[in-house]
Amino acid sequence: MSFINNWLRSDIQAINAYHVPASDDMVKLDAMESPFPLPDELIGQYLAYLADADLNRYPNPSADELRQTLRELMDIPAEFGVLLGNGSDELIQLLALACETGDTILSIEPSFVMYGMIAKFTRLNYQGVNLDHNFEIDLPATLSAIEAYNPKLIFIAYPNNPTGNTFDRSAIEKIITSTKAMVVLDEAYYAYADDSFLMDIAKYPNLVLLRTVSKIGFAGLRLGLLIGAQDTVNELDKLRLPYNINTLTQVSANFLLQEKEEIDKNAKAILAERTSLSDALNTIEGLVVYPSQANFILFKAPVADALFEALKTQGVLIKNLSAAPRLTDCLRVTVGSAQENAQFIEIVKNHYG
Ligand SMILES: *Cc1c(COP(=O)(O)O)cnc(C)c1O
């Protein structure tokens with residue numbers, strides 16, 4: 001037996017690492033990235049801004065300017081606190097680190113796999129509650145799981161990944177008011193959704209929001225934020241590693257996230273493409289296309305594995321969820337540029353045609 005097999009916790013040995021498939025030279029529609037690069041006319045200014053960064057120094061520890069930039073970009077009221085993470089994944093981990101041994105994290109399923117993985121890494125219990133057959137929250141089942149397991153943290157992605165829908169607002173409000181848990185609404189896809197719980201933070205002391213810039217054009221920056229009551233943020237901030245937001249991210253985001261009009265314009269373009277892509281999928285016989293409030297679409301396809309492979313062979317990478325519980329024959333495609341979407345649709349049509 002090797003050193004590491006003797007040494008490592010057996011529950012970590014037993015898990016499969018989060019798999020990121022190779023995607024060189026492929027049309028990448030698997031990870032909800034934005035298809036839009038930085039506009040040419042901004043590159044010179046951006047580089048000048050970057051050149052001013054003092055890379056011999058540690059970053060600004062509290063990233064004050066960046067938090068202000070994010071407040072303006074996302075219209076976050078001054079009375080709420082903002083905590084930054086190296087991606088919102090890091091903030092999920094930080095929340096788990098705030099829990100005590102024996103505590104339980106509860107989420108809905110299917111949803112974002114990191115909630116369960118991070119619960120495992122941090123030795124917490126994890127409890128998933130199944131969504132109903134329309135991928136809506138099963139309120140009675142969720143409320144009885146809350147009663148039975150008394151969770152410390154409840155994660156709900158809103159809109160949900162990988163299903164793409166949001167949930168009934170009153171069901172979420174009922175969950176928030178019927179638990180002592182901190183309820184974390186993960187609004188990674190806020191830019192593509194009709195509704196948000198941002199303003200509800202003032203109403204519910206146990207509600208916090210997660211957001212990220214990954215799905216609005218800046219996945220490479222690794223920058224996420226937690227928004228909550230100021231006293232909640234002040235306490236959670238004790239768990240944040242010093243300098244977790246590096247200088248290049250702070251400087252880049254301070255420049256790039258000022259471009260609110262450009263960011264809004266790109267989000268609108270994705271919404272229009274989402275409608276066309278969904279319509280195009282709907283015209284293909286045999287597919288079931290689920291409604292989306294995000295920059296991706298979940299659909300069910302006959303023998304999904306074969307379609308996934310056909311797309312891959314022809315240079316288009318999407319996400320195959322067909323082996324996941326309750327997602328038999330389901331695939332998830334990110335809304336890309338008009339050209340990328342057309343390429344994708346062409347292959348799907350030919351595959352079934
Ligand atoms: C993509 C995604 C995230 C991860 O965001 P990062 O800021 O890139 O770490 C978090 N939650 C959900 C639901 C996501 O889909």
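Remember, predicted model here, so these are calculated numbers, not experimental data.
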- Query: Stepwise, does the side chain to side chain contact (heavy atoms under 4.5 Å, CB included) test hold for D264 with K260?
  - Reply: CA-CA 6 Å; D264 288 348; K260 201 172 172 177; 4.1 Å; yes
- Message: Classify the ring geometry of Y158 against F197: parallel below 30°, tilted from 30° to 60°, perpendicular beyond 60°.
- Response: perpendicular
- What's the shortest heavy-atom distance between G336 and I270, and which atoms? O-CD1, 4.1 Å
- Query: Does any N or O in the side chain of S144 come within less than 3.5 Å of the main-chain N or O of A141, such that one atom is a donor and the other an acceptor?
  - Reply: yes
- Message: Through direct or indirect side-chain contacts below 4.5 angstrom among Ile, Leu, Val, Met, Phe, Trp and Tyr, which residues connect to Y58?
- Response: Y243
- Task: Could you grab the distance from atom CZ of R67 to atom CD of E72, nearest 0.5 Å is fine?
- Result: 13.0 Å
- Before giving the answer on side chain to side chain contact (heavy atoms under 4.5 Å, CB included), spell out for K152 and I105 the whole-Å C-alpha distance, their side-chain angles and the decisive distance to 0.1 Å. CA-CA 6 Å; K152 192 67 174 265; I105 290 181; over 6 Å; no
- Query: Side-chain heavy atoms under 4.5 angstrom apart, residues restricted to Ile, Leu, Val, Met, Phe, Trp, Tyr: same cluster for I245 and Y46?
  - Reply: yes
- Item | Pair Y290 and F135, ring centroids less than 6.0 Å apart | yes
- Query: Should L198 and L210 be regarded as members of a common hydrophobic cluster, given that ILVMFWY residues are connected when their side-chain heavy atoms come within less than 4.5 Å of each other, either directly or indirectly?
  - Reply: no
- Item | Atom of D305, atom of S322 and distance for their closest heavy-atom approach | OD1-OG, 2.7 Å
- Message: Quick check on K28: does its NZ atom have over 12 non-hydrogen neighbours (other residues, nucleotides or ligands) under 6.0 Å away?
- Response: yes
- Query: At their closest point, which heavy atom of F80 faces which heavy atom of M199, and how far apart are they?
  - Reply: CZ-O, 4.4 Å
- Message: Any side-chain to backbone donor/acceptor pair from N295 onto M32? Under 3.5 Å, distance only.
- Response: yes
- Item | Verify same cluster id: L131, Y149 (apolar side-chain graph, 4.5 Å) | no
- Query: What are the two closest non-hydrogen atoms of L236 and A98, and how far apart are they?
  - Reply: CD2-CB, 4.1 Å
- Task: With Q293 as reference, evaluate D194, N165, D195, T163 under the side-chain hydrogen bond (donor to acceptor under 3.5 Å, both in side chains) test and give the passing residue.
- Result: D194
- Interatomic spacing from CD in Q250 to OG1 in T247 - rounded to 0.5 Å: 6.0 Å
- Query: Can you tell me if Q93 uses its side chain to pair, donor with acceptor, with the backbone of D89 under 3.5 Å?
  - Reply: no
- Query: Distance-only, no hydrogens or angles: does the R9 side chain make a donor-acceptor pair with backbone N or O of F121 under 3.5 Å?
  - Reply: yes
- Message: Around atom NZ of K174, are there more than 12 heavy atoms from other residues, nucleotides or ligands closer than 6.0 Å?
- Response: no
- Under 3.5 Å donor-acceptor, S292 side chain and A294 backbone: yes
- Message: Closer than 3.5 angstrom, by distance alone: can the side chain of N60 be matched with the main-chain N or O of S62 as a donor-acceptor pair?
- Response: yes
Show me the side-chain donor-acceptor pairs of residues 47-54 shorter than 3.5 Å, one per line, residues at least two apart or across chains.
none

- Query: Considering residues, nucleotides and ligands other than R123, do more than 12 of their heavy atoms fall under 6.0 Å from its CZ?
  - Reply: no
